[in-house]
Amino acid sequence: MAEKTFKTYDQMLDLLESRGIVFVDGRARSKAKKILQHEGYYNLINGYKTLFLSNANPEQYCQGTTLEEIFALYDFDRSLREIFLKSILHVETNIKNLISYRISEKYGHDNYLLYKNFDTTRRDAGKHISSLISSVQSQIAAHSSDPNISHYLRNHGYLPMWVLSGILTFGNMSKFYSMMKQPDRQSISLIFNMHDNVLENFLKYLTAIRNFSAHGNRLYCFVGSRPLIDTQVHSELGIPQVQGQYVQGRNDLFAAVIALKHLLSDREFKYFLKSLIGAVNKLATKLSVISIDDVLSAMGFPSNWRKILYI
């Protein structure tokens with residue numbers, strides 16, 4: 001493998017041009033240079049070139065590819081992260097409040113982090129419960145200088161669950177839900193009219209999407225390590241199956257849309273979908289070498305994805 005050496009912006013542009021990127025004139029080249037200066041070659045090119053590469057020669061770009069079109073996909077992905085993160089934060093707030101209420105109601109507000117208060121029947125329960133409690137205590141220690149946290153610790157010696165939930169991440173709360181006793185999990189999942197294992201699956205999937213979005217990772221072609229559970233949405237949209245597995249809405253970004261469909265209020269989901277459609281329509285006007293269908297396919301969206309609103 002050739003050693004990676006420093007290149008000036010002009011050398012980067014020369015390399016891209018040698019591989020088929022088109023700069024119609026000096027003005028277009030100047031604009032492309034400013035894009036690289038602002039976004040960085042690695043983030044932009046290495047992250048978003050795949051759809052623009054030639055099938056015949058993966059070292060070359062499809063005829064007519066411009067840096068501006070690659071940047072349009074890059075900017076679209078940035079919009080996706082904002083749209084998904086905003087909606088997942090609604091779910092996060094809701095779940096945190098529901099868990100806090102149930103734990104406080106059932107186990108009190110001052111001594112709830114006890115091994116016996118969690119589901120000890122689950123596989124490797126001891127390891128997972130201990131890890132969860134340790135993680136929670138680490139979060140408390142890390143936020144001990146926070147005025148709200150220090151007030152409760154100094155004056156009461158403990159944190160009520162409704163205060164603790166404010167400093168726990170969505171991932172922490174997802175694990176917390178997973179380790180709650182089944183009746184406690186069900187008391188929350190029934191609010192969403194679903195089984196507790198379904199809610200657990202949705203929360204874990206959205207945690208990964210939230211982390212990708214918050215850390216600026218490439219989202220449009222997200223591939224999850226844990227598939228989303230089969231839902232009525234998959235069936236009603238007529239998503240095809242291969243060997244009994246749905247080909248879309250399992251390990252992709254559309255799976256997150258399905259989870260949000262179940263966990264957001266109707267009003268929140270309509271707003272989410274409107275924002276998503278707006279971003280897709282905006283990108284479609286900026287594409288010429290690839291199509292919006294190419295992008296939607298990479299996102300795992302079926303052709304009738306907009307009908308999810310009416311399911």
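Bear in mind the structure is a predicted one, so any value in this text is a computation, not a measurement. In what follows, residues are counted from 1 in the order of the sequence shown.
Residue Lys96 holds its NZ atom at 6.5 Å from CE of Met173, rounded to the nearest 0.5 Å. Taking OH of Tyr48 as the reference point, atom CG of Asn43 lies at 8.0 Å (rounded to 0.5 Å).
Looking at Arg218 and Asp77, no side-chain N of the basic residue comes within less than 4.0 Å of a carboxylate O on the acidic one, giving no salt bridge. Residues Arg29 and Glu17 are paired through a salt bridge, judged by an N-O separation under 4.0 Å between the basic side chain and the carboxylate. Ion pairing between a basic and an acidic side chain is recognised when a charged N comes within 4.0 Å of a carboxylate O; Lys49 and Glu59 show no such pairing. Under the 4.0 Å criterion applied to side-chain N and carboxylate O atoms, Arg210 and Glu92 are assigned as salt-bridge partners. The pair Glu82-Arg78 does not meet the salt-bridge criterion, since no charged nitrogen lies less than 4.0 angstrom from a carboxylate oxygen. Ionic pairing of Asp119 and Arg185 is present here: one or more N-O contacts between side-chain nitrogen and carboxylate oxygen are shorter than 4.0 angstrom.
Aromatic rings from Phe76 and Tyr220 are positioned such that their centres are separated by 6.0 Å or more. Remark: aromatic rings of Phe272 and Phe84 are close, center separation under 6.0 Å. Checked against the 6.0 Å centroid threshold, His109 and Tyr158 count as a close aromatic pair.
For the pair Leu276 and Leu80, the minimum side-chain heavy-atom distance is below 4.5 Å. The side-chain heavy atoms of Thr285 and Asn281, taken from C-beta on, include no pair separated by under 4.5 Å.
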Query raised in the report: Could you go step by step and tell me if Glu200 and Arg122 meet the salt bridge (charged side-chain N to carboxylate O under 4.0 Å, His left out) rule?
Result: CA-CA 14 Å; Glu200 181 180 349; Arg122 303 197 74 163; 3.3 Å; yes
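Counting heavy atoms of neighbouring residues, nucleotides and ligands inside a 6.0 Å radius, atom CD of Gln241 exceeds 12 of them. For CG of Asn155, the number of neighbouring non-hydrogen atoms (other residues, nucleotides, ligands) closer than 6.0 Å is greater than 12.
Using cut-offs of 30° and 60° on the angle between ring planes, the pair Trp305 and Phe301 is perpendicular.
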